[in-house]
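Structure first, then comments.
Numbers restart at 1 for each chain; the letters A, B, ... are given by sequence-line order, proteins then strands. The basis for the numbers below is simple: all heavy atoms, side chains too, and nothing from hydrogens, waters or symmetry mates.
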2 protein chains.
Amino acid sequence: MSFKLSPEYALLGILMTGPKHGYEMHSYFSSNMDQFWRLSMSQIYALLKRMEKNKMVVSKGEWQNNRPAKKIFSITQTGKEGFLNWIYSPVNHVRNLRIEFMAKLFFIKELKLKRATDIFDKQIEILQEKLHLLQPPKEKIMDEFQKALHSFKIAQTTSAIEWLKECKTFFSCKY
Amino acid sequence: MSFKLSPEYALLGILMTGPKHGYEMHSYFSSNMDQFWRLSMSQIYALLKRMEKNKMVVSKGEWQNNRPAKKIFSITQTGKEGFLNWIYSPVNHVRNLRIEFMAKLFFIKELKLKRATDIFDKQIEILQEKLHLLQPPKEKIMDEFQKALHSFKIAQTTSAIEWLKECKTFFSCKY
DNA sequence: GAAAATTATTCCAATTTGGAATATTCTTAA
DNA sequence: TTAAGAATATTCCAAATTGGAATAATTTTC
């Protein structure tokens with residue numbers, strides 16, 4: 001399945017709010033994003049490990065009385081750039097819109113990002129292109145299965161575009 | 001992520017059309033379902049191996065001149081029952097509708113299954129329940145992020161229900 | 001006071017993923 | 001006609017993902 005999500009950017013988004021240890025990031029994630037994105041504790045640690053290897057984050061151990069030691073992660077400049085690139089790039093698959101675009105909306109709000117309308121406009125644009133490519137059915141003979149598939153793609157894309165336009169109105173008042 | 005797909009049922013569906021070897025199943029899958037569901041060759045073989053262990057399929061080696069030997073898989077009675085149970089059960093997550101329901105539609109057509117309206121009705125029913133649970137916003141204070149999330153869920157669910165109703169009309173003429 | 005939850009990270013094993021490898025034959029393009 | 005690329009079929013391979021459990025101590029709940 002080539003529709004892979006990019007959870008590392010969600011974690012980078014969390015670290016944009018300040019350094020945190022893995023457990024804390026899991027709590028933050030669960031509290032704020034669990035409705036549409038699930039990440040287990042071990043996933044988060046596995047991701048952080050890989051991200052540190054890729055120089056997106058750095059970590060520093062911190063001793064703690066009466067509690068296990070913490071490993072505090074901070075975002076690097078590379079990580080910041082990667083995150084900003086991600087958030088200002090459109091989501092390519094409607095299937096992932098629910099998860100990735102919702103995460104982006106969350107960080108727009110949380111980080112009080114400027115240029116939020118850019119994010120909406122680009123996303124609307126790419127979806128309208130997709131819709132355009134879908135529209136001309138070429139009048140070719142389609143069985144009921146092909147009709148259903150075609151119809152589904154159009155319906156979901158149209159619905160997503162309308163939703164984006166709606167959201168843009170109430171996000172634009174603020175960002 | 002708890003929205004796991006069930007590719008083994010798609011493979012069972014293919015074997016409902018008759019015994020096939022893995023490579024042939026991959027071709028069949030690619031030709032017919034690649035637009036919405038991707039399975040690699042190694043995934044197919046890994047799945048078949050597990051399915052054989054679970055008694056959903058059996059295999060028989062077949063020697064071949066001038067070509068690598070084949071391993072022909074056939075569906076068992078257990079496999080048939082599992083497949084029929086799957087196809088007549090609703091998809092629980094809107095996110096997976098695109099993939100799993102489309103696969104079901106494909107097999108309805110390919111296997112000329114009866115009672116197709118049951119499949120549609122049950123799917124519409126469960127989505128309308130979800131919609132109902134979403135609808136009362138309790139008038140509680142929502143920030144723009146919660147508004148967006150709520151609005152998205154409603155939009156995509158509504159769109160899916162409408163699409164299902166539309167599909168039902170042209171599938172019902174035949175099955 | 002006892003049991004359960006919390007704090008934090010690592011360990012663990014099974015599954016999934018995305019190819020490559022294998023060896024031969026067939027097909028295509030120059 | 002020849003060389004390169006594709007096809008045939010299955011298994012191998014290593015990294016990534018997944019869904020917990022383990023660890024040991026403290027704090028919270030009943």
Atom [atom1] of [X] and atom [atom2] of [N]: how far apart are they, to the nearest Å?
X: Leu39(A); N: dA16(D); atom1: CG; atom2: C1'; answer: 14 Å
X: His26(A); N: dG19(D); atom1: NE2; atom2: C1'; answer: 11 Å
X: Ile44(B); N: dT15(C); atom1: CD1; atom2: C1'; answer: 17 Å
X: Leu5(A); N: dA16(D); atom1: CG; atom2: C1'; answer: 14 Å
X: Leu47(A); N: dA16(D); atom1: CG; atom2: C1'; answer: 10 Å
X: Glu62(A); N: dT7(C); atom1: CD; atom2: P; answer: 15 Å
X: Tyr23(A); N: dA25(D); atom1: OH; atom2: P; answer: 18 Å
X: Gln64(B); N: dA23(C); atom1: CD; atom2: P; answer: 18 Å

Carboxylate-amine/guanidinium proximity below 4.0 Å for Lys71(A) and Glu62(A): no

Taking 4.0 angstrom as the limit, do Lys122(B) and Asp118(B) come out as a salt bridge? no

Parallel, tilted or perpendicular, judged at 30° and 60°: which one describes the rings of Phe171(B) and Phe120(B)? tilted

Do the rings of Phe83(A) and Trp86(A) sit parallel, tilted or perpendicular, given the 30° and 60° boundaries? tilted

Pair Glu129(B)-His132(B), side-chain donor/acceptor within less than 3.5 Å: no

Whether the Glu110(A) and Thr17(A) side chains hold a donor-acceptor pair (N or O, under 3.5 Å, no angle test) is what I'd like checked. no

Considering only side-chain heavy atoms of [X], which listed nucleotide, [options], is closest?
X: Ser42(B); options: dG18(C), dT17(C), dT8(D); value: dG18(C)
X: Lys71(B); options: dT8(D), dT11(D), dT7(C); value: dT11(D)
X: Pro68(B); options: dA24(D), dA9(D), dT16(C); value: dA9(D)
X: Gln43(A); options: dA23(C), dT18(D), dA8(C); value: dT18(D)
X: Arg67(A); options: dT26(D), dA9(D), dG18(C); value: dT26(D)
X: Lys70(A); options: dA16(D), dG19(D), dA8(C); value: dA8(C)
X: Asn66(B); options: dA16(D), dG18(C), dC26(C); value: dC26(C)

It should be established whether Arg38(B) places a side-chain nitrogen or oxygen under 4.0 Å from OP1 or OP2 of nucleotide dT17(C). no

Has Lys168(B) got its NZ or CZ under 6.0 Å from the middle of the six-membered ring of Trp163(B), at an angle within 45 degrees of the ring axis? no

Using a strict heavy-atom distance below 4.0 Å, which residues from residues 13-22 of chain B are in contact with DNA chain D? His21(B), Gly22(B)

Between Met41(B) and Ala46(B), who's closer to the 5' end of DNA chain C by nearest nucleotide? Ala46(B)

